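Because the structure is predicted, anything quoted here is derived from the model rather than measured. Just so you know, residue 1 is the first one in the sequence shown, and it goes up from there.
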Amino acid sequence: MSKQVRVRFAPSPTGPLHIGGVRTALFNYLFAKKNNGVFFLRIEDTDQNRFVPGAEEYIMESLEWLGIAPDETIGKNEKFGPYKQSERKHLYKEYADLLINSGNAYYAFDTSEELDSHRKQEEEQGKTFIYNWHNREKLDTSLVLSKEETTKRIEDGEDYVIRFKTPINETLLIKDMIRGEVKFETNLLDDKVLFKSDGMPTYHLANIVDDHLMETTHVIRGEEWLPSMPLHVLLYRAFDWEAPEFAHLPLILKPIGNGKLSKRDGDKLGFPVFPLNWTDPKTGEISSGYREKGFFAETVINFLALLGWNDGTEKELFSLEELANSFDLNRVHKAGAKFDPEKNKWFNHQYLIQKRDADLAKSFSPIITEKGIDFYNIMKLEKIVSLIKERANFVNEFWDLCDYFFVAPKSYDEKAAKNWKEETPELMQELIPVLIEITDFSAENIEIIVKDWMIKNEIGMGKIMQPFRLSIVGAMKGPHLFDIVELIGKVETIKRIEKAIVSL
């Protein structure tokens, strides 16, 4: 590639960033890093009616948390700033006028009432109203008015829009980096509005102008934008600009059935579809996010990368750096990728067990504090975490897996309590002095001494070990019993056995 690769993520701040948008940002980021290019973020906020307070900040925070922050954006390396379209609106009228002057666009004065009337007339005849080559010279446009009349109506303050004049009788063959050659007939396209009566550009004009001025080399976006590709290519041609290369990513599909994964599917189906929690500023309704659900940022990056792409091997776990080194748009699939919430948990488990015990202990510590427990022995906490993390998908599951390390059981599992036989209290009473006598209260030493005592007194393993675990844990669960006993200490161990003797 002769030019430096420049790709962008250009969301609208109309609400929280959906996981589909995150994947688009990720693929742009990976493509930029693979090609020593630049990944920039532009906020497309020309539709002020749909603007949602806090959405812009949410987008920024999400990308930061995920570790795919842009190289250029608002307030950061603003080489081609501003990076917010509402601050660039002075630019767009000039380019709309260029299209008017070159004959590639025209003024349209039709009111919404007139357009509704045309639609109804077409529907009555079983047709669909399309504003294009077929009728544009029969409608209220500068194509049928004189230049003087057009100028007078504009000067008199009449509302108008500027529409693109789509060429007639052309077959466009456009290359898509993922889909190959895509064919479009211009006669089937409508004449899109490029500039609105409120003085703001539409998405189509602003997007093309900004991508050109910001020297975008590749446009990597969702497949829902595929129908816009012919208009965008025609706009580049009309301006006599070199078009970027286009790549349209496959949809992320619902876990069950067909259809695109929507913003409403998440909490309804029991999993997040947003990177972070989002509070609706109007209703106060909270939608859950991956961060707050306990997912690691690396997990989200990893499972999103494999939704619609693979490196051609069976490898599933990738660091961000490995993804950037391996990424290739030629390996992005055309078909939609089904979202799998259970597989996402599996990914999180893989990342959790790879984490340093010290880091997991640090994350777990606030949960223990919330439970009203003062536990300051970080070395012990790291050891506890090392014993239970294999059984967890999330740090927030740790408490239920190891609460018995911090609090004595308040009740005993009924099924497990069947192991408490008539002779058990006497045997457990005999075990207490054995434990009291142990000076080196390490798991390994406790196990040797207790098992020697059982062998010497011809006591079956099950007669001691099961009631012992029940006394300490309250159920037949948990890691190696002697590891638990070492960590809760001699005094607490004996206290729990004595309590069990009384309670059971």
Side-chain angles (χ1 to χ4, degrees), residues 1-13 17 20-46 56-88 91-92 95 175-178 203 206-222 225 229 232-233 235-236 239 241-249 275 297-298 300-301 304-305 308-309 311 318-332:
M1 298 178 191
S2 52
K3 283 188 191 172
Q4 184 186 33
V5 165
R6 287 182 58 81
V7 293
R8 48 60 168 186
F9 179 50
S12 299
L17 179 59
V22 174
R23 189 194 59 175
T24 299
L26 172 62
F27 281 20
N28 274 279
Y29 175 93
L30 296 176
F31 185 80
K33 299 307 159 196
K34 175 68 181 283
N35 294 290
N36 298 313
V38 173
F39 168 59
F40 67 92
L41 173 73
R42 182 174 69 231
I43 298 293
E44 301 202 333
D45 60 343
T46 52
E56 185 184 311
E57 293 76 11
Y58 179 93
I59 291 164
M60 302 280 203
E61 189 183 347
S62 297
L63 298 181
E64 286 283 351
W65 175 65
L66 290 161
I68 54 171
D71 302 308
E72 297 170 12
T73 190
I74 301 158
K76 181 182 179 183
N77 301 328
E78 291 200 47
K79 186 179 177 184
F80 295 97
Y83 285 77
K84 192 189 286 197
Q85 279 187 339
S86 58
E87 294 172 7
R88 300 170 65 85
L91 294 169
Y92 305 117
Y95 288 97
K175 186 194 166 206
D176 183 280
M177 295 177 76
I178 293 167
Y203 165 81
N207 182 276
I208 296 308
V209 169
D210 287 344
D211 276 346
H212 172 71
L213 296 178
M214 293 179 165
E215 298 184 5
T216 305
T217 59
H218 298 76
V219 172
I220 303 166
R221 57 189 180 184
W225 292 109
M229 185 161 69
H232 294 175
V233 168
L235 277 167
Y236 276 103
F239 282 121
W241 294 338
E242 184 185 349
E245 292 194 61
F246 289 91
H248 290 87
L249 306 173
E298 310 96 290
V300 180
I301 289 292
L304 279 180
W309 172 86
D311 71 340
F318 293 85
S319 68
L320 187 57
E321 190 180 355
E322 286 172 331
L323 285 169
N325 291 335
S326 307
F327 190 73
D328 184 348
L329 279 173
N330 292 322
R331 296 208 60 84
V332 175

Do Ser86 and Thr46 have side-chain heavy atoms sitting under 4.5 Å apart? no
I need the Asp311 CG to Arg331 CZ distance, nearest 0.5 Å. 7.0 Å
Heavy-atom closest pair, residues Leu66 and Pro275: CD1-CB, 4.4 Å
Smallest heavy-atom separation, Pro13 atom then Glu56 atom, equals CB-N, 4.0 Å
Using side-chain heavy atoms (C-beta onward) and a distance below 4.5 Å, is Ser326 in contact with Trp309? yes
Answer yes or no: is there a donor N or O on one side and an acceptor on the other, between the side chain of Lys34 and the main chain of Phe327, under 3.5 Å? yes
Interatomic spacing from CD in Glu57 to CD1 in Ile74 - rounded to 0.5 Å: 8.5 Å
Is there a side-chain contact between Lys76 and Tyr83 in this structure, where contact means two heavy atoms from C-beta onward sitting under 4.5 Å apart? no
Side-chain heavy atoms of Asn207 within contact of Arg42, under 4.5 Å: yes
Would you give the length of the straight line joining atom CZ of Arg8 to atom OG1 of Thr217, rounded to the nearest 0.5 angstrom? 11.0 Å
Measuring from Asp45:CG to Arg88:CZ, what's the distance to the nearest 0.5 Å? 11.0 Å
I want to check something: taking the side chain as every heavy atom from C-beta on, are Phe40 and Thr216 in contact at a cut-off of under 4.5 Å? yes
Atom of Ala305, atom of Phe27 and distance for their closest heavy-atom approach: O-CZ, 3.6 Å
Ion pair check, Glu215 and Lys79, cut-off under 4.0 Å: no
Parallel under 30°, tilted from 30 to 60°, perpendicular over 60°: which one fits the rings of His232 and Tyr203? tilted
Do Pro244 and His218 have side chains that get closer than 4.5 Å, going by heavy atoms? no
Can you find a heavy atom in the side chain of Ile208 that is under 4.5 Å from one in the side chain of Trp241? yes
Would you name the heavy atoms of Ile220 and Asn28 that are closest together and state the gap between them? O-ND2, 2.9 Å
Are Leu213 and Leu91 packed together at the side-chain level, in the sense that at least one heavy-atom pair is separated by less than 4.5 angstrom? yes
Carefully, step by step, assess Leu17 and Met60 under the rule side chain to side chain contact (heavy atoms under 4.5 Å, CB included). CA-CA 10 Å; Leu17 179 59; Met60 302 280 203; over 6 Å; no
Interatomic distance, OH@Tyr236 vs NE2@His212, rounded to 0.5 Å, equals 8.0 Å
Checking side chain to side chain contact (heavy atoms under 4.5 Å, CB included) for the pair Leu26/Leu320: CA distance, chi angles, key distance, verdict? CA-CA 10 Å; Leu26 172 62; Leu320 187 57; 4.2 Å; yes
I need the minimum non-hydrogen distance between His248 and Gly222, along with the two atoms involved. CD2-O, 3.5 Å
Locate the shortest heavy-atom distance separating Ala32 from Val5; write the atom from each residue and the value. CA-CG1, 4.5 Å
Mark yes or no for whether Glu78, through its side chain, and Gly75, through its backbone, hold a donor-acceptor pair below 3.5 Å. yes
Would you please indicate if the ring centroids of Phe31 and Phe39 are separated by under 6.0 Å? no
To the nearest 0.5 Å, atom CZ of Phe9 lies from atom CZ of Arg23 at 11.5 Å
Would you mind checking if Arg6 and Asp211 are paired as a salt bridge, meaning a charged N to carboxylate O distance below 4.0 Å? no
